[in-house]
Amino acid sequence: MTYADIIVDISHEKVDRSFQYKVPEELQHKLQVGMVVTIPFGNGNHERKGYVIGLSDTPAFDTSRMKELTGICSSEETTEERLIALAAWMKNQYGSTMVQALKTVLPVREKVKAKEKRYIILNVSEEEAEKIAGKLESGRCKARARLVRALLEEKKLDYTKASKEFGMTASVLRPLADEGIVQVVQDEVYRMTVDGANIPHEELSILTEPQQEAFDQIQEEWKADPPRPVLIHGVTGSGKTQVYMKLIRQVIDEGKQVIVLVPEIALTYQTVRRFYGWFGEKVSVLNSRLSAGERYDQFKRAKRGEIQIMVGPRSALFTPFSNLGLIIIDEEHEQSYKSENSPRYHARETALYRAQMENARLVLGSATPSLEAYTKAKDGEFRLVKLDARFEDRPLPKVSVVDLREELREGNRSVLSRSLRKAIENRLKCGEQAILFLNRRGYAGFVSCRSCGEVLKCPHCDVALTEHNNGRLVCHYCGYEQPRVEKCPVCGSPYIGGFKAGTQQIEQVLHKNFPKARILRMDYDTTRAKGSYEKILSSFAAHEADILVGTQMIVKGHDFPDVTLVGALAADLSLNAADYRCAERTFQLLTQAVGRSGRGTKPGEAIIQSYHPDHYSIQTAAAQDYEAFYQEEMAYRMLMDYPPAAHMLSVLVSGENEELLEQGMDYLAKFVERIASRYRIPVIGPAYAAVGKVNDIYRKVLYLKHRDERILQDIKDKTEKYIELNSGFRRLYIQFDYT
DNA sequence: AGCACGCCGACT
DNA sequence: GTCGGCGTGCTC
């Protein structure tokens, strides 16, 4: 006898777990994980749909009370099946529960609530209703009377609202409906996203020679069976988008569908408009502000075949297209492709799996590829396609690096170095624009010396120590702690402390230095209001300001043809983040920032100010030399066994009760250590997570590094079982993160 | 979500 | 006692 674990397709939190059913003899060979089946459910044995999420030979429930599933109902449901199989893969790969995985992959389960809004209306005249209400009140039916009264007031009552507001349950409503006093009606609710119909059609532009060459190389790869994923490494301003568009056109002409992933921050009106302009009604665009219901509507349109192209952030990856032909991931290196919630999936890896499963092609693109993708390209797992020339052969900007320590020695304490100030002055004179970029990544908490640039680091982890409120310096990787220092351990200078400089201060300095200049500021504060992000960008694009000051949000893919100067203030702030990826992120940010300069007809210039002018991430970014950066960074990752040289498993445990968390984490660490010691893998931690406490929930973390990912998977699986078996962990929230 | 079960107030 | 409304909890 085989048993099937099934999740019932009822959108309710309380049935959000699996139920086990017997599999009838004749279906034993046909049934597979991911199939949709019919099952009798509940006391009334109502027939319902369920998703098979697991099969086993041993029952996990009293077999005398176990029911039999009644049939397989997959005919055209194959899209869904594949998505469920994808969820099963994600569950294994990232160590989440199946329910969590299914929820990320199938927003379908929200449909009853989101799509069909149910209303209650009166089915009798008002006078009659009045009479009935009176009768109900004099009798014992207070809840029903309340409902009828409310209907007299409002005519049309929202079903969910009614049940919430005066605790109306089905047993209150049913008799009234049966007697024909009230009626439940369903309304299709139409939700519209950006209306693409009004945007005029645009022709795709003709590819330039290098773009055409890249396109041809991809065509060549696509002839192979199976084609490898393609990584387009194109310098900033090389026009990767044009290549994507041609590829999309080709794939939809084949009658297949396309998913385009873009980083959330790039989902601006400009991008959306361009897609609508080129492909009209064939496109739908998602963004994270859409409600689950709105997203469901768009997914439904995709399933029905009303659209061929879905553009959106990482969740768009799960669009239920029936004949998926291509997945494009733009700015593949972006952090936002990694989910913060369980399952903590990475869109790049998950897209790779989905593409393989559905015989779709995968194209990644970036000016600064992630080490993961570039390593695969180097190993021949991905096909590498280069786009080295900028559009119309415009030169890359001329970059110089300014040593801030030198400036301090010369008595300049301002945030602007002398050469940057002079450069700004020049731009203002010529009527050209400048962008000043303040790198604030990792700005919180680290301690550095103002005279020599030394940053205090953990002796065990090569990661910056973070200053806590209690004055101690703490390592978030291994838990190492030391007291605060009064002077720099290298040069002895007393000017050591946390680095503080915000966009606001810089704006003030600029006002003082250039009283006539028109300055725009863009950061978290000024973009909080809806639409202000677009407003600032379009105002700057229309040359209504001379200088734009901002955080990393200004460096992403905007085209300002009049910008001929980019200044990166304190470029290396992000180098000190408590994260092994900080050099990679610094390089990416600087390269993208520098790439904003000189995109028009006039040649551009960029100035990078740094306390570490010799650091390879700064040097290689200044030289716009990705390959050199890759070599250096990869050597470091190999040395330290960091991804992608090795794999990393982190176990994040959180809970409201700090003591309970400590205790649970201790037990867990002991268990993990025992398993890991069999493979001779050291366990790092437990330590407080980078953010040790969020909303009064404490978080601790364990790390394991190893080159063989199967070994880490094995440790993860064993740990998962251990957690399941021990009820002591019930009150803790445990997440796995797998890199 | 839908169904049974059990509590509790009202009425024969 | 008993009838029926209405909240609660379970569903393999």
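Residue numbers start from 1 in every chain, and the chains themselves are labelled A, B, ... in the order their sequence lines are given, proteins ahead of strands.
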How close or far is atom [atom2] of [N] from atom [atom1] of [X], stated in whole angstroms?
X	N	atom1	atom2	value
Asn43(A)	dC10(C)	CG	P	12 Å
Asn45(A)	dG2(B)	CG	P	15 Å
Phe19(A)	dT11(C)	CZ	C1'	5 Å
Tyr3(A)	dC12(C)	OH	P	16 Å
Phe41(A)	dA4(B)	CZ	P	14 Å
Tyr21(A)	dT11(C)	OH	P	11 Å
Gln20(A)	dT11(C)	CD	P	14 Å
His46(A)	dA1(B)	NE2	C1'	9 Å

Look at the side chain of Arg48(A) and decide which nucleotide, out of dA1(B), dT11(C), dC12(C), has an atom nearest to it. dA1(B)

Check this for me, if you would: do Asp714(A) and Arg710(A) make a salt bridge, where the nitrogen-to-carboxylate-oxygen distance has to be below 4.0 angstrom? no

Could you check whether Lys700(A) makes a cation-pi contact with Tyr688(A), meaning its NZ or CZ is under 6.0 Å from the centre of the six-membered ring and within 45° of the ring axis? yes

If you draw the axis of the six-membered ring of Phe299(A), does the NZ or CZ of Arg301(A) fall within 45° of it and under 6.0 Å from the ring centre? no

What contact category does Phe61(A) fall into here, base, sugar-phosphate, or nothing, at under 4.0 angstrom with non-hydrogen atoms? base

Full working for side chain to side chain donor-acceptor pair (under 3.5 Å) between Ser64(A) and Asp62(A): CA-CA 6 Å; Ser64(A) 61; Asp62(A) 180 4; 2.8 Å; yes

